Asker: 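Handing you a structure now.
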Amino acid sequence: MGVALLTMVFSCQDNYREIQKINQFNYIPAGIAETMRLVYTDSSKTKAVLTAPINKDFTNQKFPFSEFPDGLKVVFYDKEMNATEVTSDYGILYNRTQIIDLQGNVVIQTHDGAVLKTSQLYWDPDQEWLFTEKNFTFTSDDYDINAERLDASRNFTVFRTGALKGTIAVEENNTL
């Protein structure tokens, strides 16, 4: 009788593990789009074009998001239709906050030749603001910067960093 009882305990234990696996919460997307191309317009003017090999739509979650597991490319256009290109190996858009988390080989190239490179970058399109705690490089006609931590406006007119390495062109002001 002891052997049968022991076998029964092991049998129940194995079923319990299987039930745990079945009941594990898995994120199941509401939809998956392949070879995605999305054009954002405002008053019939193109503001941005997003392309991605795959988009997984998780708007069915409590905190909805869209995932770009194989990377993405976004081209933003300003009022003069100058393009700024953003690419990364992975991206996630949090729908409620509209914050975009870009990861892996993040590159921003502006129409005037400025280039920002980092491993992760958060982008707030509503505030037109970028930030990261990771190391980054930024090059332009006036800057050649390596630093950790970035807090900047989209057009890089406001630019705050952590410890800097590199060169910055500074204009002297003799109004004192």
Side-chain angles (χ1 to χ4, degrees), residues 29-61 63-162 164 166-171:
I32 298 174
E34 293 181 354
T35 317
M36 178 179 185
R37 184 172 192 274
L38 184 61
V39 179
Y40 294 96
T41 61
D42 184 13
S43 304
S44 73
K45 292 190 178 199
T46 300
K47 295 291 186 179
V49 177
L50 180 144
T51 55
I54 295 177
N55 170 244
K56 294 183 179 182
D57 176 2
F58 291 96
T59 54
N60 56 347
Q61 304 300 315
F63 193 75
F65 63 95
S66 292
E67 182 183 40
F68 302 90
D70 294 340
L72 61 102
K73 175 181 172 182
V74 183
V75 180
F76 293 95
Y77 296 95
D78 64 14
K79 293 176 185 172
E80 290 79 37
M81 294 305 292
N82 295 314
T84 295
E85 185 176 299
V86 180
T87 58
S88 71
D89 293 340
Y90 174 86
I92 189 164
L93 164 65
Y94 297 100
N95 297 64
R96 286 194 186 143
T97 62
Q98 292 300 304
I99 300 292
I100 302 167
D101 178 2
L102 302 168
Q103 299 176 24
N105 297 310
V106 180
V107 178
I108 299 177
Q109 185 160 2
T110 66
H111 72 279
D112 58 358
V115 178
L116 174 85
K117 294 181 181 181
T118 186
S119 62
Q120 183 175 26
L121 184 75
Y122 295 98
W123 184 301
D124 183 340
D126 290 340
Q127 301 297 316
E128 294 192 351
W129 208 256
L130 324 159
F131 48 98
T132 186
E133 292 292 320
K134 304 291 185 183
N135 291 327
F136 72 92
T137 61
F138 179 78
T139 56
S140 71
D141 291 341
D142 297 329
Y143 301 100
D144 185 8
I145 298 172
N146 285 315
E148 181 179 319
R149 202 173 317 115
L150 170 70
D151 190 13
S153 61
R154 185 182 106 171
N155 59 6
F156 302 111
T157 54
V158 177
F159 201 93
R160 291 181 221 128
T161 72
L164 285 175
T167 58
I168 301 172
V170 178
E171 198 172 294

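Just so you know, these numbers come straight off a predicted model, no measurement behind them.
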Asker: Do the side chains of Asn105 and Thr87 get nearer than 4.5 Å, heavy atoms only?
Answerer: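 Contact flag for Thr87/Asn105 side chains = no.
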Asker: More than 12 heavy atoms of other residues, nucleotides or ligands under 6.0 Å from CD of Gln127: yes or no?
Answerer: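 Atom CD in Gln127 is not packed in, count stays at 12 or less.
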Asker: Taking side chain as C-beta onward, heavy atoms only, is Ser66 less than 4.5 Å from Asn55?
Answerer: yes
Asker: Can you name the closest pair of heavy atoms from Lys56 and Pro69 and give their distance?
Answerer: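 For Lys56 and Pro69, the tightest heavy-atom pair comes out as CE-CG, 4.2 Å.
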Asker: About how many Å separate CD1 of Ile92 and CD1 of Ile100, when rounded to the nearest 0.5 Å?
Answerer: 11.0 Å
Asker: Nearest 0.5 angstrom please: Thr132 OG1 to Glu148 CD, how far?
Answerer: 9.0 Å
Asker: Answer yes or no: is there a side-chain heavy-atom contact under 4.5 Å between Val106 and Lys134?
Answerer: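 Val106 does not reach Lys134 side chain to side chain.
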Asker: Quick one: closest heavy-atom pair of Pro29 and Asn60, and the distance?
Answerer: C-ND2, 3.9 Å
Asker: Are Arg149 and Phe131 close enough that some pair of their side-chain heavy atoms sits under 4.5 Å apart?
Answerer: no
Asker: Would you say CZ of Arg37 has more than 12 non-hydrogen atoms from neighbouring residues, nucleotides or ligands within 6.0 angstrom?
Answerer: no
Asker: Taking the six-membered ring for Trp, are Phe58 and Phe65 parallel (under 30°), tilted (30 to 60°) or perpendicular (over 60°)?
Answerer: parallel
Asker: Atom OG1 in Thr51, atom CG in Leu72: separation rounded to 0.5 Å?
Answerer: 7.5 Å
Asker: Classify the ring geometry of Phe63 against Tyr94: parallel below 30°, tilted from 30° to 60°, perpendicular beyond 60°.
Answerer: tilted
Asker: Between Ser140 and Ala114, which heavy-atom pair has the shortest distance, and what is it?
Answerer: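 So the minimum-distance heavy-atom pair works out to CB-CB, 3.8 Å.
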Asker: Taking C-beta and beyond as the side chain, do Phe138 and Thr161 meet within less than 4.5 Å on heavy atoms?
Answerer: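 The answer is no; the side chains never approach within 4.5 Å.
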Asker: State, to 0.1 Å, how close Ala152 and Trp129 come at their nearest heavy-atom pair, and which atoms those are.
Answerer: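 Reported closest heavy-atom pair: O-CD2, 3.4 Å.
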Asker: Closest heavy-atom contact between Leu130 and Ser153?
Answerer: CD1-O, 4.0 Å
Asker: Does the pair Phe136 and Leu121 meet the rule for a side-chain contact (heavy atoms from CB on, under 4.5 Å), with working shown?
Answerer: CA-CA 9 Å; Phe136 72 92; Leu121 184 75; over 6 Å; no
Asker: Working to the nearest 0.5 Å, report the span between OG1 of Thr84 and OH of Tyr77.
Answerer: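 One finds 10.0 Å between OG1 of Thr84 and OH of Tyr77.
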Asker: If you count every heavy atom of other residues, nucleotides or ligands that lies below 6.0 Å from Asp70 atom CG, does the total exceed 12?
Answerer: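 More than 12 within 6.0 Å, yes.
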Asker: Grab the two heavy atoms, one from Ala48 and one from Phe76, that are nearest each other, plus how far apart they are.
Answerer: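 Scanning both residues completely, I find the closest heavy atoms to be CB-CD2, 3.8 Å.
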Asker: Report the distance from atom CG of Leu150 to atom CD of Gln120, rounding to the nearest 0.5 Å.
Answerer: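 Nearest 0.5 Å value for the CG-CD distance: 12.5 Å.
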Asker: So do the side chains of Leu93 and Gln98 get within less than 4.5 Å of each other, counting heavy atoms only?
Answerer: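 SC-SC contact between Leu93 and Gln98 confirmed.
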Asker: CD1 of Ile54 to CD of Glu34: how many Å apart, nearest 0.5 Å?
Answerer: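 Atom-to-atom, Ile54:CD1 and Glu34:CD are 5.5 Å apart.
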Asker: Taking the side chain as every heavy atom from C-beta outward, state whether Pro64 and Arg96 have any pair of such atoms under 4.5 Å apart.
Answerer: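 Answer yes - side chains close enough.
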Asker: Just so I know, are the side chains of Val86 and Trp123 near enough to count as touching, which here means a heavy-atom distance under 4.5 Å?
Answerer: yes
